[in-house]
Amino acid sequence: MIKAVRGTRDLLPPDTDLWNRVDAKVRDIFARYNFHEIRTPIFEDTQLFSRSVGEETDIVSKEMFTWYDGERFNENKLRDAWLTANQSDDPAHLQAGRVIVEKHSSLQDQLTKMGILFVSRGVRIEPGPMPGSQFEFVAFAPQESLQAIRTLKNARELARSAPEFRNSAIHLLLIIPVEGLGRTPSEVDLKDVEVKAFPGTFFSSSQSLTLRPENTAGVVRAYIEHGLGDKGTLQKLYYIGPQFRRERPQKGRYRQFFQIGAELIGPASAGSESPARDAEVLEMLATLLDEVGLRDWNLQLNSVGCADDRARYNQALREALQPVVHQMCSDCQRRAETNPLRVLDCKHPEDQPIIEKLPKIGDYLDEPCRLHFAAVKAMLDAVGVTYSINERMVRGLDYYTRTTFEFTHGGLGAQSAVLGGGRYDGLSEALGGPKAPGIGFAIGEDRLIMALQAQGEQPAAQVHAFVAPLGEGMNAQALKLASELRRAGASADLGDESFRLKKSFELAEKAGARYIVIVGENEVKADQFAVKNLASGEQVTVPRAELAQFLRK
Ligand code: HAM
């Protein structure tokens with residue numbers, strides 16, 4: 001049985017009802033904060049991520065789903081390489097194991113059209129069939145393909161119809177690149193055909209593509225590509241969609257997961273750099289989580305400063321690590337060299353006392369960055385959004401500057417970050433765009449839903465009525481009534497006239513209906529229906545015209 005790939009999963013009802021409720025709620029909140037939706041492609045040029053998220057990050061260095069698009073098999077190159085390695089320099093004195101290319105005018109054109117090379121092996125002087133020579137038809141293909149084998153067999157049939165080859169043995173040979181091995185489709189029957197792999201590179205590719213591991217890079221690319229900043233206004237964009245990371249799957253960590261994110265980006269003249277934007281985004285998140293119904297979240301806040309601050313801080317970290325790094329885990333030893341900031345992310349308990357004593361980023365912020373961070377904190381205090389400062393919070397992406405943050409939730413276990421984000425003032429320029437400071441976040445929707453479910457949140461989608469036809473000929477009447485109810489805004493599910501009343505009641509309960517509405521001959525005649533509340537057992541009769549309103553109460 002074919003199953004969903006490891007790290008991916010199906011989202012099924014009734015869980016999807018909760019997902020949809022969250023989506024609807026966040027869209028409503030985004031609208032209230034004047035954010036508008038952007039939908040960027042699910043795959044992008046690989047360079048977009050290496051240049052934004054950063055070559056040295058876990059995401060780019062080991063978690064991306066990347067492939068080469070437009071991979072082309074270069075048949076001529078393989079043919080030439082094979083001939084160079086196999087063709088005899090001197091056809092008159094053919095050496096053992098080497099080939100000469102045959103020239104038989106009657107067959108040649110057709111074979112060339114089929115991409116088949118006609119060669120012979122063995123010692124011979126004149127062209128044409130001679131005793132002791134072995135004929136071969138050679139085809140070149142990217143892999144052991146059904147089509148190439150058919151072509152070879154067809155070519156041999158064709159040759160047999162020519163009188164001079166009627167009785168000749170013709171060996172069929174398929175040459176594929178070594179890279180093509182292992183790509184063989186299972187239905188290929190290789191009987192009769194010898195396959196040989198030839199070393200070398202015979203595939204060329206045009207573009208490296210990657211399934212998006214996150215959406216900020218795509219949004220900033222779109223911002224630059226469409227000149228969204230040209231009007232001098234701030235862009236407030238949000239997205240909801242799947243992201244892909246080849247992580248080791250565990251609870252709360254998937255290879256395809258969903259993010260709800262937003263980016264606020266624009267020219268500095270539009271106020272994009274102001275600490276007020278940071279505070280507005282963080283206040284929106286507090287509102288969003290509250291309104292979605294998440295309780296007990298924690299906001300962890302940090303400032304990673306600007307590029308200059310980070311260079312000085314990295315230097316300080318390197319110096320502080322130098323005498324102690326040999327006592328730390330192998331990851332830390334590597335990171336101390338490549339990206340010392342990542343050492344702060346280490347989870348090894350033995351390394352913690354060393355990490356606690358390392359220099360703090362807060363001491364390396366320059367005056368403008370320090371003032372910016374102070375202003376953000378002051379505004380959060382003013383609107384009553386509580387936070388804790390976490391100077392060890394290192395986000396797993398390299399584009400951040402100044403404010404960074406994560407919201408965590410206790411109900412999530414090891415993967416406790418419900419969302420993460422921060423400022424990325426240099427990202428547009430790093431991608432070849434204009435100066436466009438920005439700040440954004442992405443909520444891990446899988447984790448948000450998990451946290452809501454851990455709180456006991458139920459998907460509260462209830463269908464108003466189960467319409468139960470009773471007796472022969474009542475299906476059409478029930479469909480008509482259900483149609484009227486649905487058009488009037490009530491939700492309705494529909495039974496079948498073949499069901500007995502008891503079965504209809506059972507199905508109504510399973511469907512999660514609030515009421516069951518019986519549609520029998522008498523009800524239709526009277527144009528009023530027996531309606532029973534499935535929870536209380538209370539039954540009333542309601543005229544057709546009032547039914548939708550009654551059900552929706
Ligand atoms: P991130 O911290 O890599 O940031 O991801 C944001 C959130 O996505 C995480 O806090 C987590 O809830 C969720 N998440 C990440 N990986 C997985 C996974 N494998 N399975 C389930 N959930 C996951 C970003 O992606 C940035 N683009 C956020 C941002 C937007 N910064 C500025 N603008």
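Just follow the structure's listing: the first ligand is 1, and inside any ligand the first atom is 1. The first residue of the sequence shown is numbered 1, and numbering continues consecutively from there. Computed from a predicted structure; not experimentally measured.
Within the 4.0 Å heavy-atom shell around ligand 1 one finds L397. Ligand 1 has no atom lying under 4.0 Å from any heavy atom of G396. Residue contacts with ligand 1: G422 is included, with a non-hydrogen atom under 4.0 Å away. Heavy-atom separations between F258 and ligand 1 are all 4.0 Å or longer. In this structure, R395 is part of the shell of residues with a heavy atom less than 4.0 angstrom from ligand 1.
At a heavy-atom distance under 4.0 Å, only backbone atoms of L419 (N, CA, C or O) approach ligand 1. At a heavy-atom distance under 4.0 Å, only backbone atoms of V418 (N, CA, C or O) approach ligand 1. By the criterion of a heavy-atom distance under 4.0 Å, both the backbone and the side chain of R253 are placed next to ligand 1. Contacts between E263 and ligand 1, counted as non-hydrogen atom pairs separated by less than 4.0 Å, involve the side chain only.
The cationic atom of K236 (NZ for Lys, CZ for Arg) does not lie both less than 6.0 Å from the six-membered ring centre of Y238 and within 45° of the ring axis. Both tests do not hold together for R212 against F49: distance to the six-membered ring centre under 6.0 Å, angle to the ring axis within 45°.
Ligand 1 has no N or O atom lying under 3.5 Å from any N or O atom of N215, backbone or side chain. Of the N or O atoms in A417, one or more lie within a sub-3.5 Å distance of an N or O in ligand 1.
Side-chain contact annotation: E283 with Y33, donor-acceptor N/O pair under 3.5 Å present.
With a 4.5 Å cut-off on side-chain heavy atoms, P213 and Q243 do not count as touching.
Between the choices F257, Y399, F405, F441, the shortest heavy-atom distance to atom 26 (C) of ligand 1 belongs to Y399. Ranked by closest heavy atom to atom 5 (O) of ligand 1, the top entry among E214, M450, Q250, Q259 is Q259.
Of all atoms in ligand 1, listed by their number and element, those nearer than 4.0 Å to a heavy atom of E247 are 16 (N), 17 (C), 18 (C), 19 (N). In summary, the atoms of ligand 1 found under 4.0 Å from a heavy atom of Y400, numbered by their order in the structure, are 26 (C), 28 (C), 29 (C), 31 (N), 32 (C).
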